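Everything numeric in this text was worked out from a predicted model, so none of it was measured. If you read the sequence from its start, that first residue is 1, and numbering goes on from there.
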Amino acid sequence: MLRRRGGEEMCIRDRSETEGMLRGNSQITRLNEAIAATKNQMTQNIELELDRANKVKDIHAASENLTEASDMFRKDSVALKRKEFWKRVKCWLCVIMIAIVLIILIVMYFCGMDFSEC
């Protein structure tokens, strides 16, 4: 079937094909836009995941450093505890020795040097 329009003849079938192609092109354009949007979203997601992975690596390294520092602190604190314990033991031994010497001196004063008056 032919139609006249502005001096041009156009077949209705050709017109419907042209409209179908235009619709197909618009669908392709929409699909390409959807693909581009999905691609951009996936790129952003991958970048975010890489950033998160780097942050996790940094946190893991920091936690390992803290673990090593805490182990060193524990070892140093145990060594200091032992050192202070022996320091107190030495101090108490000195106090006991001084007390024994004072007791002996007091007893010698009252009983004499050879303990003959006791």
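- Not counting sequence neighbours, the partners of I104 by the side chain to side chain contact (heavy atoms under 4.5 Å, CB included) test are I100, M108.
- In this structure, L31 CG and E33 CD are separated by 9.5 Å, a value rounded to the nearest 0.5 Å.
- N54 CG to I59 CD1: the interatomic distance, rounded to the nearest 0.5 Å, is 11.0 Å.
- Checked by atom type, the side-chain pair N45/Q41 shows a donor-acceptor distance below 3.5 Å.
- Using a 4.5 Å heavy-atom threshold, the side chains of H60 and K57 count as separate.
- Clustering of Ile, Leu, Val, Met, Phe, Trp and Tyr by side-chain heavy atoms under 4.5 Å joins V101 with L105.
- Using a 4.0 Å cut-off between a side-chain N of Lys or Arg and a carboxylate O of Asp or Glu, E84 and K81 do not qualify as a salt bridge.
- In the hydrophobic clustering of this structure, V107 groups with M113; members are Ile, Leu, Val, Met, Phe, Trp, Tyr whose side-chain heavy atoms approach within less than 4.5 Å, directly or through other members.
- We find that K55 and D58 are not joined by a salt bridge, their nearest charged nitrogen and carboxylate oxygen being 4.0 Å or further apart.
- A 4.5 Å side-chain heavy-atom check between R30 and S26 finds at least one atom pair inside the cut-off.
- Separating the OG1 atom in T38 from the CE atom in M42 is a distance of 9.0 Å, to the nearest 0.5 Å.
- Here D51 contributes atom CG and E49 contributes atom CD; the two are 9.5 Å apart, rounded to the nearest 0.5 Å.
- Residues F85 and L93 are members of one and the same hydrophobic cluster, defined by side-chain heavy-atom contacts under 4.5 angstrom among Ile, Leu, Val, Met, Phe, Trp and Tyr.
- Listed by chain and number, the residues in a side chain to side chain contact (heavy atoms under 4.5 Å, CB included) with T43 are K39, E47 (sequence neighbours excluded).
- Cluster annotation: I98 is not connected to Y109 through the hydrophobic network of ILVMFWY side chains, with a link wherever side-chain heavy atoms come within less than 4.5 Å.
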Take V89 and W92, measure what side chain to side chain contact (heavy atoms under 4.5 Å, CB included) needs, and give me the verdict at the end.
CA-CA 5 Å; V89 167; W92 277 108; 5.9 Å; no
